[in-house]
Amino acid sequence: MNHIIIKMSKMKIGIIGAGFVGLSFAVVLAQKDFHVILIDKDVRKIKKIKENEPPFFEPKLSSYLSKSLKMIESSSNFELLKKCDIIFITVGTPIGKNGMIDLNNVIQVGKEIGKKVLQSNSKPVIVLKSTVIPGTSQKILKVIENSWNKVGKGFSLVTNLEFLREGKAIEDTKNPHILVIGGKDGIANKKVVNFYQNVYKQKIPIFLTNHETAELIKYANNSFLATKISFINQMANICENIPSASVDDIAKAIGIDPRIGKRFLNAGPGYGGSCLPKDLQALISYSEKLGELPSLLKAVQKTNDYQVSKIFNLVKKNLNGLNKKKISILGLSFKENSDDIRESVSIKLIKKLIHEKLNVMVHDPMAIQNTMKIFGDKILYSNVIDEVISNSDCLIIMTPWNEYKKLNSTNFQKMKNKLIIDTRRLFKNRKIEGKYFAVGMNLMKE
Ligand code: NAD
């Protein structure tokens, strides 16, 4: 056993894509004494990593990165991957303009691996960790073979999806709830399983399957989570029409049923982020391409889109005219403990508000820099919560950061017009002066 551990620890691991998935994986492996070659085409990102500066905010990442730097060689040069035993692909797989998954990044990486990495004497296992629609692993295998020009000799491809949550990326990478491994080359699968068994001393369920099923498991997982959120949001909307009904109590009660489970039943402004919206959309387009009507998935998407319109309509309905009114937004990132604003509902709401020429001022503990890249001087920003609330006509709490949970009526004293829309029910048990509306509760009071 000791012998295997020593051998595995000497493995060189390549990771292509230094984003939330790739960088979190790199620092966790480095902490376990693996030598990691981390490749990203974004030279600014690589420069930051080399300078010990995390390119995005993620709890614990900063301290993990500084402790790991000596074990991570970061670069934009694919040739450095030549000596790696296993190469993980963790590049982004966004939605293209046509609503279908855009596979250009993974295809590009496949070509680079074929041209610059594979050598006759190296037999790396290529592991596709990016979220991709069924058939992509086989497609990338062909791309690599064609670029390498030595079909089928010396490398294998394994599909191995990632399930980490932003805001808990390090924690989840250290302790994944499952390892899904898909492929048809038993030896390559075994190599990846052995590698993980060496990384994780604790027992993690390993699920072995084929490429296509592995690819689809990730979509099934995220679509189901999105469905749970849309379901509870629809319940929340029903509750709003029933005096005293509480969506939180409903979520608690049904969550105790083991067939349902308590997670992802938090009603709110709708789901956002870089995964659920894009993965649901990719599955919808894929399903339509197959000729299967994704009616449930589309309803989930529609229910989610409705939440932001509902918040916007509340603003419109309760302000006496919109002209030049000041709207204060607390929370920009799609979830707390993250600076990620991709598909954030806050960003969608701000777009609607500035379209109506409202004056918007925003606060977020981590995501202001990213938001500035979208809105520039079209909105106002502040790091001071009270400054954002002061003189406001309407305050909207979007992201449940801890600092917002501490607010009370004193903080709202300086509002011009006390309309408070609490999409996370942070103040549901507090006495709030003015018009207070909490998503999922029949609580509009003056
Ligand atoms: P990200 O956007 O944070 O990072 C992707 C990185 O890949 C970027 O730094 C980009 O510069 C790099 N890249 C893109 N094309 C490249 C190329 N041709 N060569 C080298 N580098 C390239 O993405 P992420 O959030 O880490 O997600 C990566 C994949 O993992 C996606 O498929 C995503 O769906 C999936 N995933 C993400 C999460 C999450 O919570 N973020 C969770 C599970 C799975």
Side-chain angles (χ1 to χ4, degrees), residues 14-28 37-49 54-59 61 74-81 87-96 101-117 126-133 136-137 140 143-144 147 159-173 176-180 214-215 217-223 225-226 271-283 333-335 337-344 370:
I15 299 176
I16 308 171
F20 285 87
V21 173
L23 185 55
S24 305
F25 196 39
V27 296
V28 168
I37 312 282
L38 180 63
I39 303 294
D40 201 291
K41 66 176 180 183
D42 183 340
V43 286
R44 278 177 308 174
K45 204 173 229 185
I46 291 297
K47 186 167 178 282
K48 279 189 171 179
I49 294 169
F56 48 85
F57 172 73
E58 184 59 43
L61 180 60
S74 31
S75 170
S76 293
N77 179 6
F78 276 74
E79 298 206 8
L80 293 181
L81 295 166
I87 300 170
F88 290 89
I89 302 175
T90 63
V91 296
T93 45
I95 289 293
I101 189 170
D102 176 350
L103 291 174
N104 279 324
N105 288 337
V106 268
I107 290 173
Q108 190 53 40
V109 164
K111 286 182 183 163
E112 298 280 348
I113 292 175
K115 274 192 259 168
K116 299 188 182 152
V117 181
I126 316 291
V127 183
L128 186 54
K129 247 186 179 314
S130 301
T131 304
V132 291
I133 50 167
T136 309
S137 298
I140 300 305
V143 169
I144 299 175
S147 320
T159 312
N160 164 224
L161 293 316
E162 178 56 57
F163 294 93
L164 66 75
R165 296 162 295 172
E166 282 180 29
K168 299 221 155 85
I170 300 291
E171 212 175 290
D172 288 351
T173 307
H177 71 276
I178 190 170
L179 293 163
V180 175
E215 290 163 330
I217 284 172
K218 175 69 190 170
Y219 284 106
N221 204 298
N222 275 356
S223 302
L225 295 176
Y271 58 79
S274 71
C275 289
L276 296 194
K278 123 177 136 58
D279 292 348
L280 194 74
Q281 177 55 44
L283 185 56
S333 55
F334 81 101
K335 67 192 291 196
N337 298 325
S338 172
D339 64 354
D340 198 346
I341 55 164
R342 289 179 285 181
E343 294 296 318
S344 162
N370 285 341

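Counting starts at 1 for both ligands and their atoms, following the listed order.
When only interatomic distances are considered, the shortest N/O to N/O separation between Val21 and ligand 1 falls below 3.5 Å. In terms of N/O distances under 3.5 Å, ligand 1 is approached by Lys45. Of the N or O atoms in Asp279, none lie within a sub-3.5 Å distance of an N or O in ligand 1. Considering backbone and side-chain N/O atoms, Lys218 never comes within less than 3.5 Å of an N/O atom of ligand 1. Remark: ligand 1 and Lys41 share an N or O pair separated by less than 3.5 Å (distance only, no angle test).
When atom types are taken as modelled, the side chain of Ser76 and the backbone of Asp40 share a donor-acceptor pair closer than 3.5 angstrom. In this structure, Asp339 contributes its side chain and Phe57 its backbone to a donor-acceptor pair below 3.5 Å. Between the Ser147 side chain and the Val143 main chain, a donor and an acceptor come within less than 3.5 Å of each other. A donor-acceptor contact shorter than 3.5 Å is absent between the side chain of Asn337 and the backbone of Pro59. A donor-acceptor pair under 3.5 Å is formed between the side chain of Asn105 and the backbone N or O of Gly92. Judged by distance alone, the side chain of Thr136 and the main-chain N or O of Ile133 form a donor-acceptor pair under 3.5 Å. In terms of modelled atom types and a separation under 3.5 Å, the side chain of Ser74 and the main chain of Leu38 share no donor-acceptor contact. Without hydrogens or angle criteria, Ser333 side chain to Ile341 main chain gives no donor-acceptor distance under 3.5 Å.
The residues Glu79 and Lys116 are annotated as not salt-bridged, no charged nitrogen and carboxylate oxygen being separated by less than 4.0 angstrom.
Looking only at protein heavy atoms, the nearest one to atom 8 (C) of ligand 1 is Asp40 OD2, 3.4 Å. From the protein, the heavy atom lying nearest to atom 43 (C) of ligand 1 is Glu162 O, 3.2 Å. The protein heavy-atom contact nearest to atom 41 (N) of ligand 1 is Glu166 OE2, 2.8 Å. Closest to atom 32 (O) of ligand 1, if we only count protein heavy atoms, is Thr93 OG1, 2.6 Å. Atom 2 (O) of ligand 1 has its closest protein heavy atom at Arg342 NH1, 3.1 Å. Annotation: atom 35 (C) of ligand 1 to nearest protein heavy atom, Thr131 OG1, 3.4 Å. Ranking the protein heavy atoms by distance from atom 29 (C) of ligand 1 puts Val91 O, 3.4 Å first. In this structure, atom 24 (P) of ligand 1 lies nearest to the protein heavy atom Phe20 N, 4.0 Å.
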Could you tabulate the donor-acceptor pairs under 3.5 Å formed by side-chain atoms of residues 164-171, not counting sequence neighbours?
residue : atom : partner : partner atom : Å
Arg165  : NE   : Asp172  : OD2          : 2.8
Arg165  : NH2  : Asp172  : OD1          : 2.8
Glu166  : OE2  : Ser274  : OG           : 3.2

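Near Leu164, meaning under 4.0 Å from one of its heavy atoms, ligand 1 places the atoms 39 (C), 40 (O), 42 (C). Close approach to Val109 involves these atoms of ligand 1, each under 4.0 Å from a residue heavy atom: 17 (C), 18 (N), 19 (N). Distances below 4.0 Å separate heavy atoms of Asp42 from the following atoms of ligand 1: 11 (O). Near Asn105, meaning under 4.0 Å from one of its heavy atoms, ligand 1 places the atoms 14 (C), 15 (N), 18 (N). Near Gly92, the atoms of ligand 1 lying under 4.0 angstrom from a non-hydrogen atom of the residue are 5 (C), 7 (O). Counting the atoms of ligand 1 from 1 in the order shown, those under 4.0 Å from a heavy atom of Ser274 are 41 (N). Heavy-atom contacts of Lys278 reach the following atoms of ligand 1: 33 (C), 34 (O) (cutoff under 4.0 Å).
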task: Assess whether side chain to side chain contact (heavy atoms under 4.5 Å, CB included) is satisfied between Phe88 and Ile16, documenting all intermediate values.
output: CA-CA 6 Å; Phe88 290 89; Ile16 308 171; over 6 Å; no
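A side-chain donor from one of Thr93 and Lys278 sits under 3.5 Å from a side-chain acceptor of the other. Defined by atom type and a distance below 3.5 Å, a donor-acceptor pair is present between the side-chain atoms of Glu215 and Ser137.
With sequence neighbours excluded, the residues satisfying side chain to side chain contact (heavy atoms under 4.5 Å, CB included) with Leu225 are Asn221, Asn222, Phe264, Leu276.
With a 4.0 Å cut-off on non-hydrogen atoms, Ala169 does not touch ligand 1 at all. Within the 4.0 Å heavy-atom criterion, the part of Thr90 lying near ligand 1 is the backbone and not the side chain.
Residue Phe78 places a heavy atom less than 4.0 Å from ligand 1.
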